Amino acid sequence: MKKVITYGTYDLLHQGHINLLKRAKSLGDYLIVGVTNDNFDRERGKLNVKSNVLERVEAVRKTGLADKIIIEDYVGQKIDDIQKYNVDIFTVGSDWKGHFDYLKEFCDVVYLPRTEGISSTMLRKEQEDN
Ligand code: C2G
């Protein structure tokens, strides 16, 4: 069984996230989705996230695409998760191209095409304007 893992904030879950999760799922048989914890997002400079981690986990769960959902809490967790769950493929959108090449020591790394024209930032701005 080929195991795939991907991570993200998934704030105001949108079609770009869904496309990414579908593409990630199609790379293997079992998809693990890591959802960033609120503290972890703040630490990495994402200060504008609208939904809390439980709401974001619920949104990912509702897509029906994740076989397992975990919480991402700390820098360096990706390596621990890949080893813990015997992951074959780490994947993320192409906006991160090159950034996670260090994981190639532990599993395959695939950068998937990003969906153009939609983002959480755009949706947050729309909410703020209304
Ligand atoms: N994404 C996409 N198309 C968009 C928006 C996002 O394909 N229009 C993808 C991103 O590339 C990422 C996933 O959807 O793979 C989640 O995106 P975010 O919620 O913005 O999370 P991100 O900050 O990219 O988290 O440890 C966290 C991860 O490293 C990445």
Side-chain angles (χ1 to χ4, degrees):
M1 185 173 68
K2 211 176 234 187
K3 284 190 179 177
V4 181
I5 199 162
T6 192
Y7 295 84
T9 305
Y10 305 105
D11 192 26
L12 309 176
L13 194 108
H14 56 66
Q15 194 58 44
H17 296 140
I18 294 170
N19 292 345
L20 186 286
L21 293 175
K22 279 188 185 158
R23 288 172 185 146
K25 175 105 178 166
S26 73
L27 294 174
D29 312 298
Y30 187 88
L31 178 63
I32 304 170
V33 180
V35 178
T36 52
N37 212 344
D38 298 326
N39 285 347
F40 183 58
D41 269 329
R42 277 195 292 272
E43 277 165 27
R44 68 190 188 116
K46 269 197 160 179
L47 303 175
N48 211 2
V49 178
K50 291 288 175 203
S51 315
N52 68 41
V53 63
L54 292 180
E55 294 166 325
R56 293 182 285 109
V57 163
E58 182 57 12
V60 169
R61 193 191 62 74
K62 276 194 183 151
T63 67
L65 292 162
D67 295 292
K68 183 176 185 68
I69 299 176
I70 60 174
I71 307 292
E72 186 180 27
D73 276 312
Y74 58 92
V75 179
Q77 186 181 326
K78 290 181 175 80
I79 294 175
D80 292 345
D81 291 340
I82 287 165
Q83 293 182 324
K84 179 171 169 190
Y85 298 110
N86 278 317
V87 166
D88 299 286
I89 301 173
F90 167 89
T91 190
V92 70
S94 55
D95 44 323
W96 291 98
K97 199 162 174 29
H99 190 86
F100 293 108
D101 286 358
Y102 70 94
L103 295 173
K104 285 183 183 168
E105 201 183 313
F106 305 96
C107 66
D108 288 341
V109 174
V110 176
Y111 299 100
L112 287 168
R114 192 181 152 83
T115 305
E116 295 307 323
I118 182 144
S119 69
S120 304
T121 308
M122 198 187 280
L123 295 176
R124 284 191 288 257
K125 189 166 183 324
E126 270 176 27
Q127 273 194 351
E128 280 157 19
D129 290 348
N130 285 331

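Both counts, for ligands and for their atoms, begin at 1 and track the order of listing. These numbers were taken from a predicted model, which means no experiment stands behind them.
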Less than 3.5 Å between some nitrogen or oxygen of [X] and one of ligand 1, yes or no?
X      : result
Tyr10  : yes
Thr115 : yes
Asp95  : yes
Phe100 : no
Thr9   : yes

Donor-acceptor pair between [X] and [Y] side chains, under 3.5 angstrom:
X     : Y     : answer
Asn39 : Glu43 : no
Asp73 : Asn37 : yes
Arg23 : Thr91 : no

Query raised in the report: If you measure from atom 26 (O) of ligand 1 to every heavy atom of Glu72, Arg114, Lys46, Met122, which option wins on shortest distance?
Result: Glu72

Query raised in the report: Which option out of Ile118, Leu20, Thr91, Val49 puts a heavy atom nearest to atom 9 (C) of ligand 1?
Result: Leu20

Query raised in the report: For ligand 1, which part of His14 has a heavy atom less than 4.0 Å away: the side chain, the backbone, both, or neither?
Result: side chain

Query raised in the report: Of the options Phe100, Tyr111, Tyr102, Trp96, which is the one that meets Phe90 in a ring pair (Phe, Tyr, Trp, His ring centres under 6.0 Å)?
Result: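 Result for ring pair (Phe, Tyr, Trp, His ring centres under 6.0 Å) with Phe90: Phe100.
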
Relative to the heavy atoms of [X], which atoms of ligand 1 are at a distance of less than 4.0 Å?
X     : result
Tyr7  : 25 (O), 26 (O), 27 (C), 28 (C), 30 (C)
Trp96 : 22 (P), 23 (O), 24 (O), 30 (C)
Gly8  : 16 (C), 21 (O), 25 (O)
Val92 : 15 (O)

Query raised in the report: Do the charged groups of Glu58 and Arg61 touch, with an N to O distance under 4.0 Å?
Result: yes

Query raised in the report: Can Arg56 and Asp38 be counted as an ion pair, charged N to O under 4.0 angstrom?
Result: yes

Query - Within-shell test, Arg44 vs ligand 1, heavy atom, strictly < 4.0 Å - result: yes

Query raised in the report: Strictly under 4.0 Å, does any heavy atom of Lys78 approach an atom of ligand 1?
Result: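 True for this residue.
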
Query - Chi angles and distances behind the side chain to side chain contact (heavy atoms under 4.5 Å, CB included) call for Ile32, Asp81 - result: CA-CA 10 Å; Ile32 304 170; Asp81 291 340; over 6 Å; no

Query raised in the report: Can a cation-pi geometry be assigned to Lys3 and Tyr85, taking NZ or CZ under 6.0 Å from the six-membered ring centre and within 45° of the ring axis?
Result: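 The answer is no, since Lys3 fails at least one limit relative to Tyr85.
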
Query raised in the report: Tyr30, Val4: one ILVMFWY side-chain cluster at the under-4.5 Å cut-off?
Result: no

Query raised in the report: If you measure from CD on Gln127 to CZ on Arg124, what distance do you get to the nearest 0.5 Å?
Result: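 One finds 9.0 Å between CD of Gln127 and CZ of Arg124.
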
Query raised in the report: Which protein non-hydrogen atom lies closest to atom 15 (O) of ligand 1, naming both residue and atom, and how far is it?
Result: Gly93 N, 2.9 Å

